[in-house]
Structures are given as C-alpha cells and as structure tokens.
Amino acid sequence: MRIAICGLGHVGIVTAAGLLRDGHTVIGMDSDGAVCDVVKSGLSPFREPEVGEIIAAGHSEGRLSIADGLSEIAEADVAFICVGTRGLPDGRLDLSDLQAASQTLGEAVRLRPAELPPILLVFRSTMVPGSMSTAVIPTLRAAAGETPGQCYNVAYQPEFMREGCALADYFAPARIVIGEQSPGTAGKLKDLYANINAPIVTTSLETAELIKFADNSFHALKVCFANEMGRLAVSSGVGASELLQLFCMDTKLNLSAAYLRPGGAFGGPCLAKDVLALAQHMKTSGISAPIIDHIIPSNQAHTDFLISEIKRRTPLRSRILLVGLSFKANTDDVRQSPLADLAQRLLTDGYDLAVYDSDLVASDGKLQLAPWLAKIVLQQIQANDTWDLVVIGKRQPSAIKMLNSSIPVLNIDRL
Ligand SMILES: NC(=O)c1ccc[n+]([C@@H]2O[C@H](COP(=O)([O-])OP(=O)(O)OC[C@H]3O[C@@H](n4cnc5c(N)ncnc54)[C@H](O)[C@@H]3O)[C@@H](O)[C@H]2O)c1
C-alpha cells in the first residue's frame, strides 16, 4: 500500500520503518524542515535499534520519500498522523499540532482523485477521550468540506511502543486497538497488520483514546507501588527486590486480571483493615506512601459515585431493592461490606429500601445483622414484587431470574 505519515518523530519514524519492512511505500511529511532533510538523505532522525538500517534501505529502494506537496498525500491509501501532543503546564495536552495536521490532511482530502476509494486517516497521537470527536473531526470536516464517509474515513489507533525497543514493540504488540467512527470503516488497517501476530480489537473512538491512558497510568502506578513497598522494605531491613520477586510470584491474584473489573467497592474483614494498618505503619516509620494512603479514600469515592448513579436514576423516597448485602458472592459475611454501607446511606437519604441476599437466606447470616439492617432484609422475592429500581450489588443469578424483567436495573457489580 501507499502510506503517508504526517509527523516523523519517534512514533512516525518507527511506524515508517515497520511499514517499509512489510514492503509498503511510505511518503513522509513533517513541519520541521530539518527532520525532512535528514529523512530525504536516507537517515533516521532518531537512534532506535534496527530503524536506521530499514530507513536507509527503504530510501535506496525508492520506497521512502518526503512529500513535495499535498497531492502526493492525497493519493495515499492510508495516512498516519503521528504529531506530538505535549503536556501543558496545567497538565492538559496541547492539541495545536494535531489540529494543524488535521487541517493539512483535510486540505489533502480535497485534492483526492474522485476515482480513488476513501483514504483512511489514522490518528496515532495520544489524546484524551472525546478529542477525536471535538477537536480532530470538526477540523477535518471544515478543511475537507465534507464529513467522513465519502472521500475519507477516520480511525484512532493508540500507540504503545516504548523507545529503545520501539520496532520490536511495533511487530509484537500485546494487542492492536483500532477505534472506528462506525463499524468496518477502518478495515484497511486489518490488511496492513496482517503480518503481525496479535489480536486486533476494533472499538469506539473514545474507548481507543482512553485505553492508552489506562495502560500508561497503570504502568506508572506499578512503578510507584513497587517503590513504596521497596521504601518500606529498605527501612525495615528487608530485601526490597526479594520482596517484589515474591510479590510477582503470585500470578493468581497479584499479576493477573483478578480484581481488575470495575464494579463494587472492596470490603470484607481483611482488605480495609490491612490497608489502614499498612498506611499507619508507614506513617509511624516516617515513609511517604501516597498510594497506600489514598486507597481507602479511593474506595470511599467509589461508593459516592455509585450513590450518585442511583440518584441519577430514581428520585428520593423511591422503592429500591438492593440485591446482595454480604461483601462478596458465596459468603454470608457482612463485616465491612460496602453494600451494607451503601444500604445505610440510601436509607439515610430517604429511599424506601429493601435488601435481598440469597447467601443470607441460605444460612443464619441474618443473625449477624445490626437491627436497622435486619428490618429491611427480605426472606424471599417474587416476580410480582414492584420496585422503582433494582440495584444488583453482587452476583446473584437465581435472585435476578426471579425478578420481573420490566423493572429498571442498575448493576453495580459490573459497571
Ligand atoms: N515517543 C513515544 O514513545 C510514544 C509512545 C506512544 C505514544 N506517543 C505519542 O505519539 C505522539 C507522537 O509522539 P513522538 O514522540 O513521535 O513526538 P515527537 O515530538 O518525537 O514527533 C512529532 C513530530 O511531528 C512533527 N509535527 C508537528 N506538527 C506537525 C504538523 N502540523 N505537520 C507535520 N508534522 C508535524 C514535529 O516536527 C515532530 O517531528 C504523541 O502524542 C505521543 O504522546 C509517543
């Protein structure tokens, strides 16, 4: 394929190298004339393993050039936009280069020969969710004089490469995520990545924008968590590396998908108690631990969020059935259950609340309940019961089957 690349920085040049190695033809453009001159002479502007050699070979084979004008870009099958989105002092991302590039690409679309199928414009720059819809597409639409779908389509493909092993990451990604404006519009990308052995997932533009931040924030969180534990280990005379090696040996709960499911807050007799004890211990040991300190506030913030979601759906004094009370499925333990906390707050706020939990019904668990809670726990529910809202707090398939399917449901166990 003929591929245009707008922005020949780290991401653009590695993408160029990957595509050249797969036999494609690349036409580059960059607003920095010095970068263009370097590429025109067959060199890579950056040091990155293997990239220089591939750029040089692509150039000498005539498959890598710098665009002389927009008409060369206009005739490409696919264009990648890899311009920078640097951070501003207040933390927001500067989208000005991205908008300038969108303007240029929109102008190129106007020059596209009518007989060619739509060009696919693939944005790779990191941008917060909603930026494609609010900043990029309106700029493109104005410059191209038409909405996507006829002469051009748009996609957002977040870039996950790491400098220093960027080309290796290009050819062996964990997965390729493609955000589409409407299903199927980015089909050409699947052909382009046919040689790459990785799952290709298509999703909405916003999900594709957000996954990049979820990934990067989690990576940063891992570094800082390991360092908080390391600081405590060092000050306790414990081997920090040994501690983290032991931690990483648990691939069942620590390094796995366990717990990585948005739903209810955590609770139960151990987690909150132990996290608080660790935070306190670090404080008295004089060790700064902002992550550990903020786990409980984050958990409380989540219950606040769930309450606000309930309030958004149903006015005060409505009849609500909360399905689930113990702190997780298959136990009747209600100690420090976030669902008991939720129930108390809904009652205090004036909702007409009842609770059903088959784990409590099946045992004597009800005996553990505080009197205010015992009063609202039902022994059974029936299909003809009427509720303004059913809130599913934990997995209770048999209970949910019993409910009238016309009643509105909010599942907070699985957001
Ligand atoms: N560097 C990385 O490891 C990495 C990894 C993943 C994602 N990203 C993201 O990818 C994007 C690009 O990052 P980068 O490190 O390659 O940036 P970079 O600063 O190295 O390169 C950007 C290039 O775009 C050019 N440019 C700017 N405006 C232009 C325009 N209007 N038209 C043409 N060219 C223009 C610049 O001259 C520069 O050469 C950023 O959003 C970044 O956050 C970077």
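All ligand and atom numbering here is 1-based and tracks the order in the structure.
Listed as neighbours of ligand 1 are C6, G7, G9, H10, V11, D30, S31, D32, C82, V83, G84, T85, D97, A100, A101, S125, T126, E159, M161, E163, K212, each bearing a heavy atom under 4.0 Å from the ligand.
Judged by the 6.0 Å and 45° rule, R345 forms no cation-pi pair with Y351.
Checking side-chain atoms of D30 against main-chain N and O of V35 turns up no donor-acceptor pair under 3.5 Å. At distances below 3.5 Å, at least one donor-acceptor pair connects side-chain atoms of T284 with backbone N or O atoms of H281.
Pairs of residues two or more places apart, or lying in two chains, that qualify as ring-ring contact (aromatic ring centres under 6.0 Å, His included) and include a residue from residues 201-244 are F225-F247.
Partner of K394 under the salt bridge (charged side-chain N to carboxylate O under 4.0 Å, His left out) criterion, out of D413, D359, D332: D359 alone.
Ring planes of Y170 and Y193: perpendicular class, angle over 60° (limits at 30 and 60°).
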